[in-house]
Trainee: 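Below you will find the structure I want to go over with you.
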Amino acid sequence: MSLTPEQKDIVQTTGKPLLVLAGPGTGKTEVLAQRILFLIENNLATKEEIVGITFTTKAANQMKDRLKQLGLPEDEHPLICTLHSLATKILRENGEMAGLPTEFMIADSYEASLILQDAIEDVNPHLSKHWKKLFEQIFLFKAQNKRPEDIDDKKMFKKIYQRYQELLRFHKALDFEDLILEACSLLEKHQEIREFYQNRCKNLLVDEFQDINPAEYHLIKLLAGEGNGLFVLGDDDQSIYTFRGGTPKIILGFTKDFKNAEEKVMTVCFRCPDKIILGALALIRNNKDRRDKELKPINRNADLIKFLDCKSDIQEARWIAEWIKENLEGEEYEPKDIAILYRGGDIADKIAEEVSKFIRIIRPSPEETKHQREFIAYLRLVTDRRDSLALRVCLSSKTAKKIGPIAIKKLRDYAESNNCELWDTLIIAQKENEFKRWRKYLKAFVDLIEQLNKKLSQLPLTEFLIHVAKTLGYEKEPRIKEIIERSKNLPEGNSLSAFLENLRGKRGEKAAERKESAEDRENAVLFITMHSVKGLERKVVFVIGMEKGEFPKSNSNVEEERRLFYVAMTRAKDKLFLCYAKKREGQSAQGVNFYDPSPFIFEIPEEYIEPIRPTT
DNA sequence: GCAGAAAGGATTTTT
DNA sequence: TCCTTTCTGC
């Protein structure tokens, strides 16, 4: 693929901070990969002076694949990873200077929520029912790069946040946001370390820049120094993660923050046909705080956008399934050319059911259940008694009979004041008078773990997993069986720790999966939320749930929802269907609900839209 | 600590 | 409307 003059100019402009505003389908990934190649081939930088930052590990892998296709062998690749992964690397390389526990664990959000509930228990138990709100508040403060000491708060919040941090460290753990904050602190405090990484990141390329939050931006600025090798790429119109603390203001303020920065735009859309681009542009121009950009479609004379106007979700499901069935019979489309996009909830269930009757579909894998997390935590504890996070999860499980929040708090207090491991406390405490009430149950729990440990050396891995599942009483649960099933696909050396690393990564770091994700590999119709379609394109796109009150959600930021819709519309390479159902049933519709069409529909000029009203 | 009853809330997601 | 969390009484 040869570059347009516009793209070539962007690839080759070096020596100053560069902001690239790139609309949907303009070839962002390509430009990023080509720039890395350009730097290396022209000896402008070695691979040790280049770091590429992506939003997800999947995107990082796609970037590596593209570099390989462009002829750059893997051992000549620069570091390409997420910002969290880079922060983890920096902290692991400088653990002591950062004042962190050696071999710290990364707490996932379930583990973090348990720790927060403990913190609330310690500070003010009356607030325990509001833990979810507090969890979100702490998250948002961290996303703003604010630590407990930065908070001026007369009420309990500051104390809870403080205690939460203390308890995370007691468990030798960092949550995801801590990775960013601790990396910032480390670089701020130590000039030599900062200079080392600024040199390492001499050429720092950041993708999806519209979705970063202030804490992440702070880290990027620390790494970029003067910023003369900083290259950021994004589209303020596609900023859809404000609930994560992201804000389009960062990308729009970039040229003010870096005084000698240059801003360039990519205006040729290779992906979408003209009607879709023109319709999407007309829609997004209703947003106030944005930079207007030209977007020129290559593909003209294409179909109009279809507005599917249905009486009910049942009719909608039937019509879409029927359309897919008919169009798969011809030569034009394969299952993998089709995607069904929705905002969330169970809205796609009916269509998924209809479509899966005759064709393979791919749906997002559901979140880990509580039992799955407990199952994994028991396995972790068996391999490593010092894994206090895993121990904390196990203590909350039903299998730890008669050990509740009170016992856990006492154990925690004891461990803290005697400065010992949580696991050791479990054993020592059995002798202490204040634990008299729980002596029997603590012993039972410790014995259980020791017994499992014995079984581990006696049984093959899969047998052992089944044994653990039985012990916990989870052996009949399909989601647990799923995990056990995965142990069979493991290459040789089937040790428990290898299996756990495959599941969770080292110390909670998710293993970067090298294999292609299912949606690229399998020839199946894709069901996906609008938020997770980043970087995705499909010939045929159905956007379902175009109902007033549901999309945009009635109490949400309309401009962000409009950006989300803009992202969804611009995934289509060929045909775009916007689907509305007057009547919807299900959980997200709160039983049965009647809707008007989404106001977004009317923001697309009529000349680009063609209504379809099914009669059957 | 548990079972059963009542209240609460229902988005989006990465690391 | 329904599923998850929280409260109550044992």
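Predicted model only: the values in this text are computed from it and were never measured. Proteins come first, then strands; the chains are lettered A, B, ... in the order of their sequence lines, and each starts at number 1.
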Trainee: Give a yes/no answer on whether the side chain of A/Lys129 brings an N or O atom under 4.0 Å of OP1 or OP2 in C/dC7.
Mentor: yes
Trainee: Does A/Ile406 or A/Asn555 map to a spot on DNA chain B nearer the 5' end, using the closest nucleotide for each?
Mentor: A/Ile406
Trainee: Write down the distance between NZ (A/Lys553) and C1' (B/dT12), rounded to a whole number of angstrom.
Mentor: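 Between C1' of B/dT12 and NZ of A/Lys553: 10 Å.
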Trainee: Check every strand shown and say whether A/Phe243 touches a base, only sugar-phosphate, or nothing at a heavy-atom separation below 4.0 Å.
Mentor: base
Trainee: I'd like the P distance from C/dT5 over to B/dT12, given in whole Å.
Mentor: 15 Å
Trainee: As a test of reading the structure: which of C/dT6, B/dT15, B/dT11 is closest to the side chain of A/Arg343, going by heavy atoms?
Mentor: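 So the nucleotide nearest the side chain must be B/dT11.
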Trainee: Could you tell me the separation between the NE2 atom of A/His130 and the P atom of B/dA7, rounded to a whole number of Å?
Mentor: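 A/His130 atom NE2 is separated from B/dA7 atom P by 16 Å.
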Trainee: Flag the pair A/Tyr241 / A/Phe243 as yes when their ring centroid distance falls below 6.0 Å, and as no otherwise.
Mentor: yes
Trainee: Just the rounded figure in Å: distance from P of B/dT15 to CG of A/Leu181.
Mentor: 18 Å
Trainee: Would you indicate, yes or no, if C/dT5 has its OP1 or OP2 atom less than 4.0 angstrom from a side-chain nitrogen or oxygen of A/Trp131?
Mentor: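 Answer is no, no contact under 4.0 Å.
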Trainee: Tell me what A/Thr82 touches on the nucleic acid: a base, only sugar-phosphate, or nothing, going by heavy atoms under 4.0 Å.
Mentor: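 Sugar-phosphate, backbone atoms only, no base.
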Trainee: Looking at B/dT12, I'd like to know if its phosphate oxygens (OP1 or OP2) sit under 4.0 Å from a side-chain N or O belonging to A/Ser556.
Mentor: no
Trainee: Pick base, sugar-phosphate or nothing for A/Pro364, based on heavy-atom distances below 4.0 Å to the nucleic acid.
Mentor: nothing
Trainee: Should the pair A/Arg244 and A/Phe139 be classed as cation-pi, given the thresholds of under 6.0 Å to the six-membered ring centre and 45° from the axis?
Mentor: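 No, A/Arg244 does not sit over the ring of A/Phe139.
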Trainee: What is the separation between atom CZ on A/Phe104 and atom C1' on B/dT15, rounded to the nearest whole Å?
Mentor: 13 Å
Trainee: Is a side-chain N or O of A/Glu136 found less than 3.5 angstrom from the main chain of A/Lys133, in a donor-acceptor match?
Mentor: no
Trainee: Please report the distance, rounded to the nearest Å, between CG in A/Asn593 and C1' in B/dA10.
Mentor: 12 Å
Trainee: How close or far is atom C1' of B/dT14 from atom CD1 of A/Ile53, stated in whole angstroms?
Mentor: 14 Å
Trainee: Of the listed nucleotides (B/dT14, C/dC7, B/dT13), which one gets closest to any side-chain atom of A/Thr56?
Mentor: B/dT14
Trainee: Nearest to the side chain of A/Gln590, which nucleotide is it out of B/dT12, B/dA10, B/dT15?
Mentor: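 It is B/dA10.
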Trainee: Please state how far atom CG in A/Asp178 lies from atom C1' in B/dT14, giving the value in whole angstrom units.
Mentor: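 For the pair A/Asp178 CG and B/dT14 C1', the rounded distance is 16 Å.
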Trainee: Nearest to the side chain of A/Lys402, heavy atoms from C-beta on, is which of B/dG1, C/dT6, B/dT15?
Mentor: B/dG1
Trainee: Which nucleotide in the set B/dT14, C/dC7, B/dA10 lies at the smallest distance from any side-chain heavy atom of A/Phe55?
Mentor: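 Among B/dT14, C/dC7, B/dA10, the one nearest the side chain of A/Phe55 is B/dT14.
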Trainee: Keeping the roles fixed (side chain from A/Arg290, backbone from A/Asp237), state whether a donor-acceptor pair exists under 3.5 Å.
Mentor: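 It does not hold such a pair.
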Trainee: How close or far is atom P of B/dT12 from atom CZ of A/Arg562, stated in whole angstroms?
Mentor: 21 Å
Trainee: Look only at the side chain of A/Glu111 and the backbone of A/Asp108, and say whether a donor-acceptor pair between them is shorter than 3.5 Å.
Mentor: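 It does hold such a pair.
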Trainee: Could you work out which one of C/dC2, B/dT15, B/dT13 sits closest to the side chain of A/Phe176?
Mentor: B/dT15
Trainee: When you measure from the side-chain N and O atoms of A/Thr529 to the phosphate of B/dT12, is any distance below 4.0 Å, counting only OP1 and OP2?
Mentor: no
Trainee: Applying a 4.0 Å non-hydrogen cut-off, can you work out what A/Leu564 is touching in the nucleic acid: base, sugar-phosphate, or nothing?
Mentor: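 The answer is nothing, as A/Leu564 stays clear of every strand by at least 4.0 Å.
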Trainee: What about A/Arg244: does its side chain form a donor-acceptor pair under 3.5 Å with the base of B/dT14?
Mentor: yes
Trainee: What nucleotide among C/dT5, B/dA10, B/dT15 has an atom nearest to a side-chain atom of A/Lys132?
Mentor: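 Ranking C/dT5, B/dA10, B/dT15 by closest atom to the A/Lys132 side chain puts C/dT5 first.
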Trainee: Thinking salt bridges, do A/Arg584 and A/Asp346 make one under a 4.0 Å N-O criterion?
Mentor: no
